[in-house]
Amino acid sequence: MPDKKMPYYNRELSWMDFNARVLEEAAKKENPLMERLRFLAITGSNLDEFFMVRVAGVKAQVNSNYKVKNNFDLSPQELLPLLEEKTHKFMEKQYSCLHRSIAPVLARHGIRFVTCEEMTPQQLEFVSQYFKRILFPVLTPLAVDGSRPFPQLANKTLNIAVYLKSKEGKKDGKEAEKNFAIVQVPSILPRFLELPTKEGRDFTLLEDIIIYKLDELFELHEIKAACPFRITRDSDLEIDEEAEDFMSEVKKSIKRRKRGRPVRLEILQKCDKDVRQFLVDMLKIKKNEIYAVPGPLDLTFFSKFAGIKGCENLCFKPIVPVPVADFWGYDDLFAAIREKDRLVHHPYESFDCVVKFIEQAAEDENVLAIKQTLYRVSGNSPIIAALMKAAENGKQVTVLVELKARFDEENNINWANKLEKAGCHVIYGLHGLKTHCKIALVVRQEEDGIRRYLHLGTGNYNDSTAKIYTDLGMFTCNSQYGADASSLFNVITGYSRPPEYQHFVVAPHGMRSFFVRRIKQETENAKKGLPCGITAKVNSLVDPEIISLLYEASQAGVPVKLVVRGICCLIPGLPGVSENITVLSIVGQLLEHSRIFRFENGGDPKIYMGSADWMPRNLDRRIELVFPIEDEELKQRAFETLDIFLQDNTNARMMLPDTSYQHVSRRGKAAFSSQLTFYRRAQERLEALRRVEKDSPLIPIHSAEDVTK
C-alpha cells in the first residue's frame, strides 16, 4: 500500500479545480460569446451532478461517522467544510463571470434579458398574451397549510415560493395569517422567451413572467413576496443487485433519486426573509447548504440559449467530421479491415464508420453473430436500430446494456426492452461490476472459415456525443484479438473464468497488475540506464497505488508526462518526489475523452488505448478493456497523437506543485491547439487521398453519401 505520507490531493477538491478550468473558458475574452455562455452552462450542470453524487456522498459519510481507511487523504469530517467553502466561492465566481464579464458583451451585441419592470408597454402586452394562452393553463399553484403539506418537489426543478396574505384582512381584531404556496416553473416550456423589440434582441425568463402574473393565480390573496428556488437532491443510487428482478430494482431506485434528501438550496440574494425561513423550515436545510445568488437560478439553460438562431457568428467555427481517410475508397468495410487494421479519431473523422460497421453486419448474409457492449447511447440510436435489424434478419445478436450507467439508467432500460422485443439477447451487466468497456464483435462466415471483425474504442457507442467527445477507435480482424474478444464476451455473458488474454488487458482481473508491472518495468529500466518513459492520457488519475508507483518512477529518473483532463490526485514537480512528472489538462471546444498509454519499454515503445482511467473503480470494480496498437503505421500515428497533445499551448494548463493550474506558456511560440491540429490533419489526409484519386485513371465509385459529407 502507498506510504501514509505520500503527497495526495483530494479528489473532490481536484474536481472543483477542473470545473474552475471550465469556468475560465467562460471568462476568456478570446472565446466566442455564445461559447462562453455554453461553458458557463457546463459548469452549472457539472456542479449539479457533483452535488447530487459527490457532496451528497461526503455528507452521508459525515452523518454515519465514517473514517477513512488511509492516512494520506482527508477524512470526510475534514473535507466537508473545505468543500462547502470551495463550492460557495465557486458559485460566486460563476455569477461574477455572468454579470461582469459576459452580460456587458451581450449588451454590446444588442442582446438583453429584461424583467417585466423594464419592459415596454408593447412587450408587457406580448407577455400577458403569452401567459394567458400558454403559461396559465400549464401552471398548478400548490398551497401549503395544515391540510396541504409541502409538496415533494423533484430534483433540480425550478419553483417559486410565494408569501401571501388574505385580502379579507384582520378577523376579530387578529392579523391575517401568513400563507405560503409553491408554483413550479414548467420545464416542458422553454425557459426563455424572445420579446418584440425595435432594435437588438430582448429576452425574458419564464419565472419573471410567472411572478409578474401571480395575482392572477391567487386572486383572494395579496402577494407579499415571491422568490424562485431550486433544490439539488442526493441522487447516488443504491441498487440491490441481489434483487430477483434487477430491472425493476433499477426503476425503483430512479424514482427514489427524484426524492432524495436535499443537499443544496439555491435562492436569490434578494429573497424575502419570511420566504427564506419558510423554505428552511419545510426542507430542513442547514445554513451552509443555502446558496444565495444574484440570479438567474440554474445556469444550465444558457446551453440552449447559446444555440439561438441568428447568433451563429458568435459561436466556434464548427468541427464538422470528415469521412474517415482509412476507409476512403471502400464501400465494403469488411474488405478494408481484411487488408489491414484501421484507426479512426472522432469527432475529427466521422463516427458514421462505426454505425456503418454494425449496419453492414446487420444486412450481410454471411454474418452469423454480433456481440456488443453499450454503456451510454443516444436517444435515437442508429446503432441500436441496426442491432434490432440484425436480430430480425436472423443473426445471433447479444448486447450488454449497462443499466447502472449513472443518469442514463432510464434511457438504457428503454433500449434494453426494445432490443429484447426485436429478438436480441440482452445482458444487464455483471453482479457488482459496471461494464464500461467499448467493444463490438462481428462473426462472419467466409470462404476460408469463420473470421471475427472487431471495433475497439475509447468512447461510447453514442452518435450524439461522438460529435463533441474526442475518442479513438480501431477496427481489426486479427485472429488473436478475435479470440480475446470471444473470451471476453464469454466472461460477460456466461460463467467463464477470466482467461489468459493474448493481447487484451481486462479489468477487474488483469488490468491493475498490468499497469503496475509496466510502471515498475520503466523504473527498473531507468535504474539500468535503458531508455525509459511513461506518457499517459486519462480523464482522471485517482488510484493511490498507481500514483505511488509513478512517484517511485520519477525518483528513479523516469520522465512521466501525463495529460489528465479532470481529477488529478497526483502532485507533480515536488522536489525529491515528483520532479520528473508533468501534468497537463486540456479543456477546449471538445471534451477530451480518449485514454492512451505509452511505455518506452527499453527502446521498443508500446502503446495502448481503451476505456479505463487510473481510478480504483476502473481498475477494480468495472469490466474495462485496454488494447495494444501493433500495426506499425497505426502505432506511429498513435505516438504522434500523444505528441500533439503535449505540444498544446492554447487549451492546455499545467498543474503546479501547489495544485493550482496555469496556462502553458507560449514563450514566443505560435498558438498551437491540439484539437484544431487533429482536425486539420484529418482534412489533409482526406484531401491527399482525393487528389490521388483525381489523378488516377481508374476512379472508384463511391456512394453519393460519401461524396456529399
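Side chains are part of it too, since the values below use all heavy atoms of this structure and drop only hydrogens, waters and symmetry mates. Note that this is a predicted model, so its numbers are computed, not measured.
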Novice: If you look at every heavy atom in L297 and Y95, which pair is closest and at what distance?
Specialist: CA-OH, 3.8 Å
Novice: If you measure from CD on Q589 to OG1 on T650, what distance do you get to the nearest 0.5 Å?
Specialist: 12.0 Å
Novice: Could you tell me whether the side chains of T157 and N159 share a donor-acceptor contact shorter than 3.5 Å?
Specialist: yes
Novice: We want to know whether Q277 and D281 form a side-chain donor-acceptor pair, criterion being a heavy-atom distance below 3.5 angstrom.
Specialist: yes
Novice: To the nearest 0.5 Å, what is the distance between SG on C97 and NE2 on H99?
Specialist: 10.0 Å
Novice: Taking all non-hydrogen atoms of both residues, which atom of C568 and which atom of M655 are closest, and how far apart?
Specialist: O-CE, 3.8 Å
Novice: Can you measure from CG (L205) to CZ (F203) and round to the nearest 0.5 angstrom?
Specialist: 10.5 Å
Novice: Ring centroid separation for F180 and F150, is it under 6.0 angstrom?
Specialist: no
Novice: Compute the centroid of each ring, for Y291 and then for H88, and state whether the two points are separated by less than 6.0 Å.
Specialist: yes
Novice: With a 3.5 Å distance limit and no angle check, can you tell me whether S128 reaches the backbone of L124 through a side-chain donor-acceptor pair?
Specialist: yes
Novice: Would you say N460's side chain and N462's backbone share a donor-acceptor pair under 3.5 angstrom?
Specialist: no
Novice: Would you verify whether the NZ or CZ of R38 falls within 45 degrees of the ring axis of F302 while also being under 6.0 Å from that six-membered ring's centre?
Specialist: no
Novice: Check the side chains of Q129 and E125 for a donor-acceptor pair under 3.5 angstrom, ignoring hydrogens and angles.
Specialist: yes
Novice: May I ask you to check whether over 12 heavy atoms, not counting those of R11, lie within 6.0 Å of atom CZ?
Specialist: yes
Novice: Look at the rings of F351 and H346 and say which category their plane angle falls in: under 30° parallel, 30 to 60° tilted, over 60° perpendicular.
Specialist: perpendicular
Novice: If only side-chain N and O atoms count, and only distance matters, is there a donor-acceptor pair under 3.5 Å linking T120 with Q122?
Specialist: no
Novice: On a heavy-atom basis, which atom in R667 and which in S665 lie closest, and how many Å separate them?
Specialist: CG-OG, 3.1 Å
Novice: Can you list the residues that meet the side chain to side chain donor-acceptor pair (under 3.5 Å) rule with E216, with sequence neighbours excluded?
Specialist: K213
Novice: Do you know which two heavy atoms are closest between R191 and P296, and how far apart they sit?
Specialist: NH2-CB, 4.0 Å
Novice: Does R112, at its CZ atom, have more than 12 non-hydrogen atoms belonging to other residues, nucleotides or ligands within less than 6.0 Å?
Specialist: no
Novice: Quick check, are the ring centers of F645 and F678 under 6.0 angstrom apart?
Specialist: yes
Novice: Check this for me: does any side-chain nitrogen of one of R261 and D234 sit under 4.0 Å from a carboxylate oxygen of the other?
Specialist: no
Novice: State whether a side-chain donor-acceptor pair under 3.5 Å links H593 with D471.
Specialist: yes
Novice: Taking the six-membered ring of F51, is the NZ or CZ of R264 close enough (under 6.0 Å from the centre) and on axis enough (within 45°)?
Specialist: yes
Novice: Can a side-chain donor-acceptor contact be found between K537 and S594 if the only test is distance below 3.5 angstrom?
Specialist: yes
Novice: Under 4.0 Å between a Lys/Arg side-chain N and an Asp/Glu carboxylate O for E35 and K28?
Specialist: no
Novice: Rounded to the nearest 0.5 Å, what's the gap from OG on S14 to CD1 on I567? Could you check?
Specialist: 6.0 Å
Novice: In terms of relative ring orientation, are F301 and F192 parallel, tilted or perpendicular, with 30° and 60° separating the classes?
Specialist: tilted
Novice: Under 3.5 Å, is there a donor on one side chain and an acceptor on the other for K165 and N179?
Specialist: no
Novice: Give the minimum heavy-atom separation between V324 and S350, together with the two atoms involved.
Specialist: CG2-O, 3.5 Å
Novice: Which is it for K224 and D274 under the salt bridge (Lys or Arg N to Asp or Glu O under 4.0 Å) test, yes or no, and what are the steps along the way?
Specialist: CA-CA 10 Å; K224 297 296 287 180; D274 287 303; over 6 Å; no
Novice: Counting neighbours of CG on N380 that are heavy atoms of other residues, nucleotides or ligands and sit closer than 6.0 Å, is the number greater than 12?
Specialist: no
Novice: Between N155 and T232, does the side chain to side chain donor-acceptor pair (under 3.5 Å) criterion hold? Intermediate values first, please.
Specialist: CA-CA 5 Å; N155 185 28; T232 317; 5.2 Å; no
Novice: Between S585 and R21, do the side chains contain an N or O donor and an N or O acceptor separated by less than 3.5 Å?
Specialist: yes
Novice: Do we see a donor-acceptor contact under 3.5 Å between the side chains of S101 and R36?
Specialist: yes
Novice: In Å and rounded to the nearest 0.5 Å, what is the OG1 to CD distance from T43 to E24?
Specialist: 12.0 Å
Novice: Whether E266 and K156 form a salt bridge (side-chain N of Lys/Arg under 4.0 Å from carboxylate O of Asp/Glu) is what I want to check.
Specialist: no
Novice: Can you name the nearest heavy-atom pair linking S674 to D648, along with the distance?
Specialist: OG-OD2, 2.7 Å
Novice: Do E592 and Q675 meet the criterion of a side-chain donor-acceptor pair at a distance under 3.5 Å?
Specialist: yes
Novice: Can the positive tip of R565 be found less than 6.0 Å from the middle of the six-membered ring of F18, inside 45° of the ring normal?
Specialist: yes
Novice: Would K86 and D17 satisfy salt bridge (Lys or Arg N to Asp or Glu O under 4.0 Å), going step by step from the backbone distance to the final call?
Specialist: CA-CA 9 Å; K86 207 154 183 164; D17 294 346; 2.8 Å; yes
Novice: Please verify the inter-ring angle class for H345 with Y348; under 30° counts as parallel, over 60° as perpendicular, anything in between as tilted.
Specialist: perpendicular
Novice: Please confirm whether the backbone N or O of Y461 pairs with a side-chain atom of D463, one donor and one acceptor, at under 3.5 Å?
Specialist: no
Novice: What distance do T140 atom OG1 and I182 atom CD1 have between them, rounded to the nearest 0.5 Å?
Specialist: 13.0 Å
Novice: Is the shortest side-chain N to carboxylate O distance from E84 to K59 below 4.0 Å?
Specialist: yes
